[in-house]
**Student:** 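Sharing a structure, written as structure tokens. Questions coming.
The chains referred to below are lettered A, B, ... by the order of the sequence lines, with proteins before strands, and numbering in each begins at 1. Model, not experiment: these values are computed from the prediction.
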Amino acid sequence: MSNQPEAPAKGKDFIRQIIDRDLEDGKYGDRVHTRFPPEPNGYLHIGHAKSICLNFGVAAEYKGQCNLRLDDTNPVKEDTEYVDSIREDVRWLGFDWEDRQFFASDYYHLFYDVAELFIRMGCAYVDNLSADEIREYRGTLKTPGKNSPYRDRSVAENLELFRSMRDGKFEDGACVLRAKIDMASPNVVLRDPALYRIKHAHHHRTGDEWCIYPMYDFAHCLSDAFENVTHSICTLEFENNRPLYDWVLDTLLEGLKNESLFADCPEFLAELKAHPGFSARPYQYEFARLNITGTVLSKRKLIQLVQEGHVSGWDDPRMPTISGFRRRGYTPESIRDFCDRIGVAKADSTVESALLEHCLRQDLNERAPRYLGVLNPLKVVIENYPEDQEDVFEMPLHPEDESMGTRKVPFGREIYIERDDFMENPPKKFFRMGPGREVRLRFAYYVTCTDVIKDENGEVIELRCTYDPETKGGWSKDGRKVKGTMHWVSARHAVQAEVRLFDKLFTVDNPNAAEEGKTFVDYINPESLEVLTDCLVEPALAEMQPGTNFQFERTGYFCADLRDHVPGEKLVFNRTATLRDSWAKIQKQMKK
RNA sequence: UGGGGUGUAGCCAAGUUGGUAAGGCAACGGGUUUUGGUCCCGUCAUUCGAGGGUUCAAGUCCUUCCACCCCAGCCA
């Protein structure tokens, strides 16, 4: 819009304040390096968008870099289907990791070498306790744990055992590699956490090369360091893990000081030293994850919605997934704007879905071209309009943006209007059509309703009107006022379309807080999807491409469906959002 | 007193050497309008989870208490 520099962001969030401080201190020189590290075991949702905008946004603001890292340390849950969707969604949101797409599995050999180093340092051991026994030995939140009987094995024995683990000599679960920290720590994360477990499972990238896989706490901080990340930003639930993040990195750094530990593997030492991530190591910072009213944002619950068929798939337009929003017609700009506005802090919070809708409408209001479409058609015959006459009106595609141009809309003796736009006994505040009333057909003519035709059940099936030829274009020289302005389509030219109306997926603000004996599934809104198959739209929409956003004047923002809409053949439009509706508000007040 | 966090309006959120509560959403009034849309204008915290204390002055400092969230996966 203007060349003015953007007003300095007043009140930066705590993450950016930390970065400012680190930059001042020269902690990493002038480097700022972040990463977005999803596990490829599900589709990205709006909560991830917050993290993506934060990580990529911060990097861009500070002229730094942000990596895409697929945190694939658990082969039984992960799949390439998910890595493909993640890549697509991050890109769609408008972010670019350039050549920095990494996988935790890229570092499997390095992780392994670090594990052996920890063993040589006497900081890790192979434990033969069963999973159940480990749990027992861990103690409880309020009572300390106790040492495993295998805790004091010799370095040589641990090394041999660990190599045997790697070489596939043990069954799944036979033993694990554990960090030797403190079984009495008040933080249970530090009670000798597992570093490696045996899983004879096929990995989506490394195949059958490995049968031992690193745990998150071990792999994540090391991956950050290998990638020279400076600020490792994650969500609040990892706060308890931060001491372990620090322990792993600091232990490695400590080991680095003793070159004799690398006698057998000098190239490993050299490789580690080549990473700036070890001369100035990354630190972890935690922010509150996003919650939004009226939906669920946990992978487990989203996957349940898909698997139990409550929705049509991950990209069902009612889903809070990125792909769902995309198909619904949300724009990446609106989602980014939303993420900017909600802020980044440490307090648990739930943002009202109204804010997201606001961001959407604000964006779409500016960019969506306008069209006319009638969702529930009611026939209107204009009796004094000649049978063989026809008008073609050139209408602006946008009321405030002339540069968007115009489109031609045909008009004829028979038209359709919205059923809701007619009332036989209209109340005072109803500014639409009624018997004897004169209204404006948008950009066409003033018409006056002269007759109401009903079927045998008393249902209104057709209206008769007259029009004033002097009001062509929708205005009159005498400046007389009409009751309102309505949208319409020409009966002869209209194109049939399917319109899908979406409402919120859940009937309550917080489906997570289910009452006794219920689950979030019990709050699914049975009317969240309404399909209208007999809609009539203006002919200009016939060739619209899938994914195009537009507005049906007076009824809402829509988007040609990405899957089912076929230009010229089958028109399928998703309602992205309604327009703000003050008439609905008035109706509500009248009911009271 | 197991440990780690967080409490500012209906929602989100600034407030950083103590100086007299930003902004956005929602809501509610009004104006403009060929979309009951958009846009514009206005209203909306004597008070910062509660109590006590220090101070001329406290959301900010001290103190006691309360509430909520996270942690006992060989998940991330």
Side-chain angles (χ1 to χ4, degrees), chain A residues 9-14 17 37-39 41 71 73-74 76-77 127 129-131 134-136 138-145 172-178 185-191 193-199 212-213 215-217 219-220 234-243 286 288 290 293 299 340-359 361-362 365-366 370 372 395-396 398-400 429-432 440-444 446 473-475 482 484-487 509 551-557 578-586:
Chain A
K10 211 171 96 176
K12 289 186 177 181
D13 60 68
F14 76 100
Q17 289 176 21
E39 182 187 13
N41 69 344
D71 208 356
T73 55
N74 188 355
V76 305
K77 290 190 174 181
D127 194 348
L129 251 26
S130 70
I134 285 183
R135 196 181 315 121
E136 282 169 33
R138 187 152 34 225
T140 71
L141 293 179
K142 294 186 181 182
T143 61
D172 284 12
C175 50
V176 336
L177 182 73
R178 289 231 255 171
S185 171
N187 180 353
V188 294
V189 170
L190 295 180
R191 319 244 260 232
L195 264 24
Y196 262 97
R197 75 293 215 185
I198 301 170
K199 277 181 194 286
I212 58 171
Y213 292 92
M215 299 291 291
Y216 165 85
D217 288 303
H220 201 92
C234 64
T235 45
L236 248 30
E237 65 269 26
F238 290 100
E239 240 162 356
N240 297 314
N241 301 53
R242 187 172 63 218
E286 311 87 8
L290 173 65
T293 57
K299 270 188 193 173
D340 281 347
R341 293 194 195 214
I342 56 178
V344 178
K346 298 199 68 154
D348 293 315
S349 61
T350 302
V351 178
E352 289 175 343
S353 54
L355 180 59
L356 216 205
E357 280 164 25
H358 168 82
C359 296
R361 290 196 183 105
Q362 183 170 286
N365 176 54
E366 260 178 53
R370 270 59 167 177
L372 303 182
M395 299 192 192
H398 196 287
E400 283 101 36
K429 289 182 174 172
F430 186 79
F431 301 139
R432 307 180 191 179
R440 168 168 41 231
L441 295 177
R442 176 136 239 232
F443 289 115
Y446 288 3
W475 61 282
V482 289
T485 301
M486 293 162 33
H487 59 280
D509 273 354
Q551 182 194 100
F552 274 137
E553 292 211 23
R554 305 213 303 137
T555 93
Y557 295 103
T578 60
L579 258 29
R580 286 186 70 211
D581 188 354
S582 51
W583 168 239
K585 236 180 246 177
I586 293 167

**Student:** Can you figure out which of A76(B), G73(B), G36(B) approaches the side chain of F238(A) most closely?
**Tutor:**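 Of the candidates, A76(B) comes closest.
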**Student:** From the set G36(B), C25(B), A72(B), return the single nucleotide nearest to any side-chain atom of F430(A).
**Tutor:** G36(B)
**Student:** Scan T293(A) against the nucleic acid and name what it touches under 4.0 Å (heavy atoms): base, sugar-phosphate only, or nothing.
**Tutor:**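 Nothing, no nucleic acid heavy atom in range.
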**Student:** What one-letter contact string describes nucleotides 3-10 of chain B from 5' to 3', where B marks a base within less than 4.0 Å of any protein heavy atom, S marks contact via sugar-phosphate atoms alone, and - marks no contact?
**Tutor:** BSSS---B
**Student:** Tell me which nucleotide among C74(B), C75(B), G73(B) gets nearest to the side chain of K199(A).
**Tutor:** C75(B)
**Student:** When the C1' atoms of G18(B) and A58(B) are considered, how many whole Å apart are they?
**Tutor:** 6 Å
**Student:** Which is more 5' along RNA chain B, the nucleotide nearest V189(A) or the one nearest A345(A)? Just name the residue.
**Tutor:** A345(A)
**Student:** At under 4.0 Å between heavy atoms, what does L141(A) touch on the DNA or RNA strands: base, sugar-phosphate, or nothing?
**Tutor:**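 Base contact.
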**Student:** Which part of the nucleic acid, if any, lies within reach of T73(A) when heavy atoms closer than 4.0 Å are counted: base, sugar-phosphate only, or nothing?
**Tutor:**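 Sugar-phosphate contact only - T73(A) comes under 4.0 Å of backbone atoms but never of a base.
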**Student:** Would you kindly compare H358(A) and W583(A) by the position of their nearest RNA chain B nucleotide and give the one closer to the 5′ end?
**Tutor:**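 Comparing both residues, the 5'-ward one is H358(A).
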**Student:** Cut-off 3.5 Å, side chains only: do H487(A) and R442(A) have a donor facing an acceptor?
**Tutor:**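 Per modelled atom types, H487(A) and R442(A) side chains form no pair under 3.5 Å.
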**Student:** List in chain and number order the residues that pass ring-ring contact (aromatic ring centres under 6.0 Å, His included) with F430(A), two or more places apart in sequence or in another chain; answer none if no residue qualifies.
**Tutor:**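 Counting only residues at least two positions away or on another chain, F430(A) forms a ring-ring contact (aromatic ring centres under 6.0 Å, His included) with W583(A).
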**Student:** Heavy atoms from C-beta onward define the side chain here; which of C71(B), C74(B), A14(B) lies closest to that of V188(A)?
**Tutor:**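 That would be C71(B).
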**Student:** Measure from the side chain of R341(A), starting at C-beta and using heavy atoms only, and say which of C71(B), G24(B), A72(B) lies closest.
**Tutor:** G24(B)
**Student:** Quote, to the nearest angstrom, the C1' distance that separates A9(B) from G49(B).
**Tutor:**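 It comes out at 14 Å once rounded to the nearest Å.
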**Student:** For atom C1', what is the distance between A22(B) and U47(B), given to the nearest Å?
**Tutor:** 15 Å
**Student:** Given U38(B), A76(B), C25(B), which nucleotide is nearest the side-chain atoms of Y216(A)?
**Tutor:**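 Within the option list, the nearest is A76(B).
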**Student:** Would you indicate what V176(A) reaches in the nucleic acid, counting non-hydrogen atoms under 4.0 angstrom: base, sugar-phosphate, or nothing?
**Tutor:**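 The answer is base, as V176(A) lies within the cut-off (heavy atoms under 4.0 Å) of a base atom.
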**Student:** Can you name the side chain to side chain donor-acceptor pair (under 3.5 Å) partners of Y213(A), sequence neighbours left out?
**Tutor:** none
**Student:** With a 3.5 Å limit on both atom pairs, tell me what C74(B) is paired to, counting Watson-Crick and G-U wobble, or say none.
**Tutor:** none
**Student:** Nearest to the K142(A) side chain among C75(B), G2(B), U35(B), which nucleotide is it?
**Tutor:** G2(B)
**Student:** Choose from G36(B), G73(B), C12(B) the nucleotide whose nearest atom is closest to any side-chain atom of M215(A).
**Tutor:** G73(B)
**Student:** Apply side chain to side chain donor-acceptor pair (under 3.5 Å) to E237(A) and list each qualifying residue two or more places apart in sequence or on a separate chain.
**Tutor:** T235(A), R289(A)
**Student:** Does any N or O donor sit under 3.5 Å from an N or O acceptor when you compare the side chain of Q551(A) with the base of U35(B)?
**Tutor:** yes
**Student:** Let's see if you can work this out: which of G36(B), A76(B), U35(B) has an atom nearest to the side-chain heavy atoms of S582(A)?
**Tutor:** G36(B)
**Student:** Scan nucleotides 29-31 of chain B against the protein and return all N/O pairs shorter than 3.5 Å with their distances rounded to 0.1 Å.
**Tutor:**
none

**Student:** Say you pick atom P in G37(B) and the same atom in A21(B); how far apart are they, in whole Å?
**Tutor:**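 One P to the other, the span is 36 Å.
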**Student:** Using the C1' atom as the reference point in each nucleotide, state the distance between A13(B) and C48(B) in Å, no decimals.
**Tutor:**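 Roughly 13 Å separates the two C1' atoms.
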**Student:** Which pairs would a plain distance check flag for residues 342-353 of chain A, meaning a side-chain donor or acceptor within less than 3.5 Å of a matching protein atom at least two apart in sequence or in another chain?
**Tutor:**
unit_1  : atom_1 : unit_2  : atom_2 : d
K346(A) : NZ     : E239(A) : OE2    : 2.5
S353(A) : OG     : T293(A) : OG1    : 3.4

**Student:** Which value, in whole Å, describes the distance between the C1' atoms of nucleotides G52(B) and C12(B)?
**Tutor:** 32 Å
**Student:** Do the side chain of R370(A) and the base of U35(B) come within less than 3.5 angstrom through a donor-acceptor pair of N or O atoms?
**Tutor:**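 Yes, the side chain and the base share a sub-3.5 Å donor-acceptor pair.
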**Student:** So what does P37(A) hit on the nucleic acid, given a heavy-atom distance under 4.0 Å: a base, only sugar-phosphate, or nothing?
**Tutor:**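 Counting heavy atoms under 4.0 Å across all strands, no contact is made by P37(A).
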